[in-house]
Amino acid sequence: MASSEQRNMSCKRTNYIKWHDYFMANAILAAKRSKDPSSQVGACIVNEDKKIVGIGYNSMPHGCSDDEFPWAKNSEDVLENKYFYVCHAELNAVLNKNSADVKNCTIYVSLFPCNECAKVIIQAGIKEVIYLSDKHSHKPETIASKKLLDAAKVKYWQYKSNQSKIVIYFDENNWNIRIYRECDQVSLE
Ligand SMILES: O=c1ccn([C@H]2C[C@H](O)[C@@H](COP(=O)(O)O)O2)c(=O)[nH]1
Ligand SMILES: [Zn+2]
């Protein structure tokens, strides 16, 4: 008779990362590349075959040093604030695409896209937006964004994960990932 270990080895794993968590985690990981001290935003574009075709985060444009351009948001001189210069995560994800186009793709974003990003999403042919935070839902940029997405029939919905956290261990001999469910403090393998 097979031992429980042998049985475990002959069945497929069940604690694998589910697609939505996987793609949203990629967006969150990308966000952590951002140099913006107050808001890091990440975006991950996925095609109909569940392949990642673009990743982006908010950054200064190429050739515009992120040591020299400002990251402030409340300077009296608007030219000393980041807003005129920074490229949004969604724009970068579309421009970074490694496929011919992003038609009918889904974009996973850590923050609901602003109106400017909504225009990019629509014009690029992206059909679905899955977002984590909607913390600016009261702002005109977000209200306008939803108007645009509604008119263009781009579906959007907020992702609520069953996992509360995913921890990555960078141990060269025993690299691992632990997935913690919200309902318990026990980590899955
Ligand atoms: O759709 C969006 C909206 C904003 N961002 C980026 C642009 C900026 O770097 C920050 C916003 O800065 P605040 O300090 O929160 O005003 O977020 C984006 O990438 N995508
Ligand atoms: Zn934007």
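One-based numbering, in listed order, for ligands and for the atoms of each.
Considering backbone and side-chain atoms alike, Ala89 places an N or O below 3.5 Å from some N or O of ligand 1. In terms of N/O distances under 3.5 Å, ligand 1 is not approached by Trp71. Residue contacts with ligand 1: Glu90 is placed with a nitrogen or oxygen under 3.5 Å of a nitrogen or oxygen of the ligand (distance criterion only). In terms of polar-atom proximity, Leu111 is not counted as a contact of ligand 1, lacking any N or O under 3.5 Å from an N or O of the ligand.
The two residues Ala118 and Pro113 have their closest heavy-atom pair at N-CB, 4.4 Å. The minimum heavy-atom distance between Pro70 and Glu80, with the atom names listed, is CB-O, 3.0 Å.
Shortest contact from atom 6 (C) of ligand 1 to any protein heavy atom: Asn58 ND2, 3.6 Å. Regarding atom 1 (O) of ligand 1, its nearest protein heavy-atom neighbour is Cys114 N, 2.9 Å. Protein heavy atom in closest approach to atom 9 (O) of ligand 1: Asp36 OD2, 2.6 Å.
Residues Ile168 and Ile17 fall within the same hydrophobic cluster, defined by Ile, Leu, Val, Met, Phe, Trp and Tyr side chains chained together at heavy-atom separations under 4.5 Å. In the hydrophobic cluster analysis, where Ile, Leu, Val, Met, Phe, Trp and Tyr join through side-chain heavy atoms closer than 4.5 angstrom, Tyr131 is grouped together with Val94.
Of the listed options His136, Gln40, His88, His88 places a heavy atom closest to atom 18 (C) of ligand 1. Between the choices Lys135, Lys35, Lys82, the shortest heavy-atom distance to atom 12 (O) of ligand 1 belongs to Lys82.
When the shell of 6.0 Å around OH of Tyr85 is examined, it contains more than 12 heavy atoms from other residues, nucleotides or ligands. Counting non-hydrogen atoms of neighbouring residues, nucleotides and ligands closer than 6.0 angstrom, the CH2 atom of Trp175 reaches no more than 12 such neighbours.
Going from atom CG of Asn104 over to atom CD1 of Ile126 covers 10.5 Å, rounded to the nearest 0.5 Å. Rounded to the nearest 0.5 Å, atoms OH (Tyr57) and CG (Asn92) are 8.0 Å apart. Going from atom CG of Leu95 over to atom NE2 of His62 covers 8.0 Å, rounded to the nearest 0.5 Å.
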Exercise. Under the side chain to side chain contact (heavy atoms under 4.5 Å, CB included) criterion, do Lys73 and Ser38 qualify, and how do the steps go?
Worked result: CA-CA 9 Å; Lys73 49 191 282 182; Ser38 57; 3.7 Å; yes
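With ligand atoms numbered from 1 in the order given, ligand 1 contributes 1 (O) to contacts under 4.0 Å with heavy atoms of Cys117. For ligand 1 and Lys73, the ligand atoms under 4.0 Å from any heavy atom of the residue are 13 (P), 14 (O), 16 (O). Atom numbering of ligand 1 starts at 1 in the shown order; those under 4.0 Å from a heavy atom of Ser38 are 14 (O). If you number the atoms of ligand 1 from 1 as listed, the ones under 4.0 Å from a heavy atom of Ser39 come out as 10 (C), 11 (C), 12 (O), 13 (P), 14 (O), 15 (O), 17 (O). Residue Pro113 approaches ligand 1 through these ligand atoms, each under 4.0 Å from one of its heavy atoms: 1 (O).
At a threshold of 4.5 Å between non-hydrogen side-chain atoms, the residues Phe84 and Val78 count as touching.
For the Zn ion (ligand 2), protein N, O or S atoms closer than 2.8 Å were enumerated as His88 ND1, Cys114 SG, Cys117 SG, with waters left out.
Using a 4.0 angstrom heavy-atom cutoff, Tyr83 counts as in contact with ligand 1.
Judged by the 6.0 Å and 45° rule, Lys146 forms a cation-pi pair with Phe112. Taking the ring centre of Tyr16 as origin, the terminal cationic atom of Lys18 falls inside the region bounded by 6.0 Å and 45° from the ring axis.
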